[in-house]
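In what follows, chains are A, B, ... by sequence order, proteins preceding strands, each numbered from 1.
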Amino acid sequence: MPELPEVEVLRRSLEPRLVGRRVERVEGLAPALREPLARRPLAALAGRRFVALGRRAKYLLADLEGGRTLVVHLGMSGRLTLVPGGSPREVHEHLAFHLDSGERLRLRDPRRFGLAYAAPTAALASDPHLAHLGVEPLSPEFDGARLAAAAAGRRGPVKSFLLDGRAIAGVGNIYACEALFRAGIRPDRSVARLAPARWERLAGALVEVLEEAIRAGGTTLNDFADGAGREGLFQVALSVYGRTGEPCPRCGRPVRRRELAGRGTYDCPGCQR
DNA sequence: AACAAGACCTGCATGC
DNA sequence: TGCATGCAGGTCTTGT
């Protein structure tokens, strides 16, 4: 479900409502997400206030007093929402933080590919999930030269490269397809055969599509919602993702779906070279 | 080292 | 209507 824009939309929606609130009680309601909750010291967050809400790639990073950070990943189907305290428990509600405002921050994740754990804030740089992530595409140092450098020595299709978080952080299947369409690059083109100018175009297309998606509140295909439960609108603006057979918005030829490295891959055979 | 493929889960759309 | 099949936004591990 959620890629970088969705997690950023979630972060922005939760930040003003969460920062300053104190956790009164942590309730683990399921045996496991991707990793067992019981192994993770989430209960140690009780009594602490949220002091900041950040993001790295698709990870939401909630800093609390006392140098602890709550790390949340939504996997494919996760939804993190702030609801009134008396709201009935949902099916697949795996984790709940009861706050001093009387509200409850709850994590629901039917497929349980998500992740939630607490870690020392000072140790995040060496956290196994975060340490090897690549450049943030919305950071000032991101550009085509940076992309080309990260691809040096690699072979493989450019789309697989975009999906590899160790090279670029936060890009998933939807935005990889959309950025390649905007840049006019075939998803299966080898990274070894992309000229510098095309890397620049790709970097520009990535920034453009990620920023537009954030402004639209993210893409909601099935599950995504922000911290208040609001769904995104960017799905109507997708050019190729999920649009098999529909006309390419640029040239009118039908959008094609293929499988690349096991992932559904959409492109326009006319516009992308 | 880098890549492909399988595994982890549930829910939903589709087709018979 | 019911059942089987295939597909899904993401990592992580294993094998080549």
Name every residue in residues 232-245 of chain A that has at least one heavy atom under 4.0 Å from any atom of DNA chain B, in order of residue number, or write none if there are no such residues. none
Using atom CD of Glu3(A) as one end and atom P of dA8(C) as the other, report the distance to the nearest whole Å. 13 Å
Measure CG/Asn173(A) against C1'/dC7(C) and give the value in whole Å, please. 12 Å
Do you know which of Glu93(A), Glu27(A), Glu24(A) makes salt bridge (charged side-chain N to carboxylate O under 4.0 Å, His left out) with Arg104(A)? Glu93(A)
Strictly distance-based, threshold 3.5 Å: is any side-chain N or O of Glu3(A) a donor or acceptor partner for the main-chain N or O of Ile174(A)? yes
Gly172(A) and Lys58(A) have their tightest heavy-atom pair at CA-NZ, 3.7 Å
Of all residues at least two apart in sequence or in a different chain, which pass the side chain to side chain contact (heavy atoms under 4.5 Å, CB included) check with Ser101(A)? Arg21(A), Leu99(A), Glu103(A)
Any cation-pi pair here, Arg189(A) with Phe161(A), using under 6.0 Å and within 45°? no
Pairing annotation in dot-bracket form, given for DNA chain B with Watson-Crick or G-U pairs under 3.5 Å and | for cross-strand partners: .|||||||.|||||||
Measure NE2/His132(A) against C1'/dA1(B) and give the value in whole Å, please. 15 Å
In whole Å, what is the span from the CE atom of Met76(A) to the P atom of dG6(C)? 17 Å
Whole-Å distance separating the CZ atom of Arg155(A) from the C1' atom of dT16(C): 13 Å
Does anything in residues 262-273 of chain A form a salt bridge (Lys or Arg N to Asp or Glu O under 4.0 Å)? List the pairs, not counting sequence neighbours. Arg256(A)-Asp267(A), Arg258(A)-Asp267(A)
Does the Arg215(A) side chain pair with the main chain of Gly217(A), one donor and one acceptor, at a distance under 3.5 Å? no
Tell me the closest heavy-atom pair linking Leu10(A) and Gly227(A), and the distance in Å. CD1-N, 3.4 Å
Whole-angstrom distance between dT11(C) and dC12(B), as gauged at atom P: 23 Å
Please produce a list of atom pairs where a protein N or O lies less than 3.5 Å from an N or O of nucleotides 11-15 of chain C.
residue : atom : partner   : partner atom : Å
dT11(C) : OP1  : His73(A)  : NE2          : 2.5
dT11(C) : OP2  : Lys58(A)  : NZ           : 2.3
dT11(C) : O3'  : Arg34(A)  : NH2          : 3.1
dC12(C) : OP1  : Arg34(A)  : NH2          : 2.4
dC12(C) : OP1  : His129(A) : NE2          : 2.9

Looking at the side chain of Arg257(A), which of dA8(C), dC3(B), dG10(C) is the nearest nucleotide? dA8(C)
Which nucleotide in the list dA4(B), dG10(C), dG9(C) gets nearest to the side chain of Ile174(A)? dG9(C)
For a side chain to side chain contact (heavy atoms under 4.5 Å, CB included) check, start with the C-alpha distance between Arg243(A) and Val240(A), then their side-chain angles and the critical distance, and finish with the verdict. CA-CA 5 Å; Arg243(A) 300 206 179 280; Val240(A) 289; 5.6 Å; no
With 3.5 Å as the limit, what N/O pairs link the protein to nucleotides 10-16 of chain B?
residue : atom : partner   : partner atom : Å
dT10(B) : OP1  : Arg112(A) : NH2          : 3.3
dT10(B) : O4'  : Pro110(A) : O            : 3.4
dT10(B) : O3'  : His92(A)  : NE2          : 3.2
dG11(B) : OP1  : His92(A)  : NE2          : 2.6

Would Phe224(A) count as stacked on dG9(C) if the rule is ring centres under 5.5 Å and plane angle under 30°? no
5' precedence on DNA chain B between Ala152(A) and Gly262(A) (nearest-nucleotide basis): Ala152(A)
If you draw a 6.0 Å radius around CZ in Arg155(A), do more than 12 non-hydrogen atoms from other residues or ligands fall strictly inside? no
Please walk me through it: do Arg68(A) and Asp63(A) pass salt bridge (Lys or Arg N to Asp or Glu O under 4.0 Å)? CA-CA 6 Å; Arg68(A) 306 293 292 183; Asp63(A) 294 343; over 6 Å; no
Salt-bridge test for Glu212(A) and Arg182(A): reply yes if a basic N is under 4.0 Å from a carboxylate O, no otherwise. yes
With salt bridge (Lys or Arg N to Asp or Glu O under 4.0 Å) as the criterion, how do Arg12(A) and Glu15(A) come out once you've worked through the C-alpha distance, each side chain's angles and the decisive distance to 0.1 Å? CA-CA 5 Å; Arg12(A) 293 181 189 184; Glu15(A) 186 176 44; over 6 Å; no
Rounding to the closest angstrom, what is the interatomic distance between dC12(C) and dG11(B) at atom P? 23 Å
Leu162(A) CG to dC3(B) C1', straight-line distance once rounded to whole Å: 16 Å
His129(A) and Tyr117(A) aromatic ring geometry - parallel, tilted or perpendicular at 30°/60° bounds: tilted
Roughly, in whole Å, what's the span from CD in Glu259(A) to C1' in dA5(B)? 11 Å
